[in-house]
Undergrad: 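For reference, the structure I am asking about is given below.
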Amino acid sequence: MSKLYIVPTPIGNLEDITLRAIRVLKEADLILAEDTRTSGKLLKHLEVQTHMQSHHMHNEHKTVDGICDKILSGTTVALISDAGTPAISDPGFLLTRACIEKGIEVDCLPGATAFVPALVNSGLPNDKFIFEGFLPVKKGRQTRLKFLAEETRTMIFYESPHKLLKTLKDFATYLEEDRMASVSREITKLHEETIRGTVKELIQHFEENAPRGEFVVVVAGKK
């Protein structure tokens with residue numbers, strides 16, 4: 001029976017992919033890729049020759065119905081993103097929801113995602129946590145930060161290098177500058193690094209060391 005497979009791909013180190021994921025990518029009739037050029041390099045490395053189709057945030061609203069029709073007609077589809085698990089701050093949710101609504105089986109494989117190693121490596125409590133992903137850039141940002149100021153669970157955020165300092169300074173304003181936090185960058189890659197300390201100390205560090213790479217910020221909850 002045809003179905004939709006959600007297939008995590010490495011977030012940096014190409015060895016971080018399961019044998020099952022490779023098999024599914026080879027056996028699928030079609031691979032939906034966020035960026036076919038980026039994914040093409042990975043698939044070539046894995047010796048996967050399955051046909052690819054572009055599926056990203058700018059076209060997913062238009063392509064979801066057509067993809068569902070293909071699966072219903074017998075096409076087995078595998079969805080991947082540029083890195084990590086699809087639908088985690090990447091395209092995937094809309095297609096998954098549409099498939100479920102149409103009675104199409106969805107099989108999500110376990111695999112790489114950036115926030116889990118960052119959380120475990122932070123040294124902060126991880127028995128209870130919330131994943132916030134990217135904060136709103138403008139509208140709703142202040143409201144969200146004020147709400148999170150009362151959050152008692154460990155909080156996880158994604159951030160880009162050019163916005164990292166702004167976000168840390170917002171944490172100092174709304175969450176307290178002495179709140180413990182951890183910043184991980186380039187997880188699984190050559191220049192992987194985790195910096196731990198208070199929000200104030202992290203601001204000082206990144207004012208002296210320009211942020212480079214992709215970041216996961218883990219912040220302690222309110223005591």
Side-chain angles (χ1 to χ4, degrees), residues 6-22 25 33-35 37-46 56-57 79-93 108-135 137 148 153-171 175 179-199 201-221:
I6 309 295
V7 183
T9 54
I11 57 176
N13 191 317
L14 295 182
E15 294 179 353
D16 293 334
I17 189 165
T18 67
L19 295 174
R20 182 184 173 203
I22 297 172
L25 292 174
E34 187 178 1
D35 186 325
R37 293 167 299 180
T38 299
S39 295
K41 297 174 184 178
L42 173 66
L43 297 184
K44 182 178 180 180
H45 173 79
L46 299 175
H56 48 74
M57 62 181 294
L79 172 66
I80 61 177
S81 60
D82 287 348
T85 301
I88 303 296
S89 293
D90 276 324
F93 164 69
C108 183
L109 278 60
T113 188
F115 77 79
V116 173
L119 171 63
V120 174
N121 203 25
S122 70
L124 296 172
N126 55 32
D127 54 331
K128 295 180 181 180
F129 61 89
I130 60 167
F131 174 69
E132 285 289 315
F134 291 94
L135 282 168
V137 177
L148 292 173
R153 294 168 293 182
T154 300
M155 297 168 279
I156 306 168
F157 304 86
Y158 284 168
E159 195 50 274
S160 60
H162 64 282
K163 294 179 183 175
L164 178 65
L165 265 173
K166 171 178 171 53
T167 294
L168 289 174
K169 290 177 180 179
D170 282 344
F171 289 160
L175 308 183
R179 188 83 64 94
M180 293 302 298
S182 168
V183 176
S184 296
R185 74 180 187 97
E186 299 294 86
I187 294 173
T188 79
K189 298 179 183 179
L190 180 63
H191 300 292
E192 178 176 357
E193 180 182 39
T194 296
I195 308 296
R196 306 173 186 86
T198 63
V199 171
E201 289 169 341
L202 292 173
I203 292 171
Q204 182 178 352
H205 173 84
F206 287 105
E207 284 180 335
E208 297 171 356
N209 302 271
R212 294 177 180 176
E214 298 300 317
F215 292 86
V216 183
V217 184
V218 184
V219 184

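All figures in this text were calculated on a predicted structure; none of them were measured in a lab.
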Undergrad: Taking ring pair (Phe, Tyr, Trp, His ring centres under 6.0 Å) as the test, write out the residues that go with H56, two or more places apart.
TA: H58
Undergrad: Give the minimum heavy-atom separation between I187 and A118, together with the two atoms involved.
TA: CD1-CB, 3.8 Å
Undergrad: If every non-hydrogen atom of L25 is compared with every non-hydrogen atom of L43, which pair is closest and at what distance?
TA: CD1-CD2, 4.1 Å
Undergrad: Looking only at heavy atoms, what is the nearest atom pair of A181 and V199, with distance?
TA: CB-CG2, 4.2 Å
Undergrad: Kindly write out the residues that satisfy salt bridge (Lys or Arg N to Asp or Glu O under 4.0 Å) with E193, not counting sequence neighbours, or none if the list is empty.
TA: R185
Undergrad: Taking all non-hydrogen atoms of both residues into account, name the closest pair between D35 and R37 and its distance.
TA: OD1-N, 2.9 Å
Undergrad: Taking side chain to side chain donor-acceptor pair (under 3.5 Å) as the definition, give me every residue that meets it alongside T167, ordered by chain and number, with sequence neighbours left out.
TA: R141, E159
Undergrad: With A33, which residues qualify under side chain to side chain contact (heavy atoms under 4.5 Å, CB included), at least two apart?
TA: T36, S39, M52, I80
Undergrad: Does E214 have any side chain to side chain contact (heavy atoms under 4.5 Å, CB included) partners at least two apart in sequence or in another chain, and if so, which?
TA: P161, E186
Undergrad: F215 vs I195, test: side-chain contact (heavy atoms from CB on, under 4.5 Å). Steps then yes/no.
TA: CA-CA 11 Å; F215 292 86; I195 308 296; over 6 Å; no
Undergrad: May I have the list of side-chain donor-acceptor pairs in residues 9-16 shorter than 3.5 Å, sequence neighbours left out?
TA:
{"unit_1": "T9", "atom_1": "OG1", "unit_2": "S81", "atom_2": "O", "d": "3.3"}
{"unit_1": "N13", "atom_1": "OD1", "unit_2": "E15", "atom_2": "N", "d": "2.9"}

Undergrad: What heavy-atom pair brings M155 and A220 nearest, and what distance separates the two atoms?
TA: CE-O, 3.5 Å
Undergrad: Measuring from atom CD1 of I88 to atom OH of Y158, what distance do you get when rounded to the nearest 0.5 angstrom?
TA: 7.0 Å
Undergrad: Drop me the distance from Q204's CD to L165's CG, to the nearest 0.5 angstrom.
TA: 11.5 Å
Undergrad: Got a sec, which residues hit salt bridge (Lys or Arg N to Asp or Glu O under 4.0 Å) with R212, two or more places apart in sequence or on another chain?
TA: none
Undergrad: Under the salt bridge (Lys or Arg N to Asp or Glu O under 4.0 Å) test, which residues partner K163, sequence neighbours left out?
TA: none
Undergrad: Among residues at least two apart in sequence or on other chains, which ones pass salt bridge (Lys or Arg N to Asp or Glu O under 4.0 Å) with D90?
TA: none
Undergrad: Please work out which of the three classes, parallel, tilted or perpendicular, describes the rings of F171 and F157, given edges at 30° and 60°.
TA: tilted
Undergrad: Kindly compute the distance separating CG (L124) from CZ (R153), expressed to the nearest 0.5 Å.
TA: 15.0 Å
Undergrad: Just distance, no hydrogens or angles: give the donor-acceptor pairs under 3.5 Å from side chains in residues 125-135, sequence neighbours left out.
TA:
{"unit_1": "E132", "atom_1": "OE1", "unit_2": "R144", "atom_2": "NE", "d": "3.0"}
{"unit_1": "E132", "atom_1": "OE1", "unit_2": "R144", "atom_2": "NH2", "d": "3.4"}
{"unit_1": "E132", "atom_1": "OE2", "unit_2": "R144", "atom_2": "NH2", "d": "2.8"}

Undergrad: For P8 versus L109, what's the shortest heavy-atom pair and its separation?
TA: CG-O, 3.2 Å
Undergrad: For the atom pair CG (L202) and CG (L168), what is the distance rounded to the nearest 0.5 Å?
TA: 6.0 Å
Undergrad: Who are the side chain to side chain contact (heavy atoms under 4.5 Å, CB included) partners of R196, not counting sequence neighbours?
TA: N121, S182, T194
Undergrad: With sequence neighbours left out, what residues match I22 under side chain to side chain contact (heavy atoms under 4.5 Å, CB included)?
TA: I17, K26, L46
Undergrad: Is the backbone N or O of V217 less than 3.5 Å from a side-chain atom of S184, with the two atoms forming a donor-acceptor pair by type?
TA: no
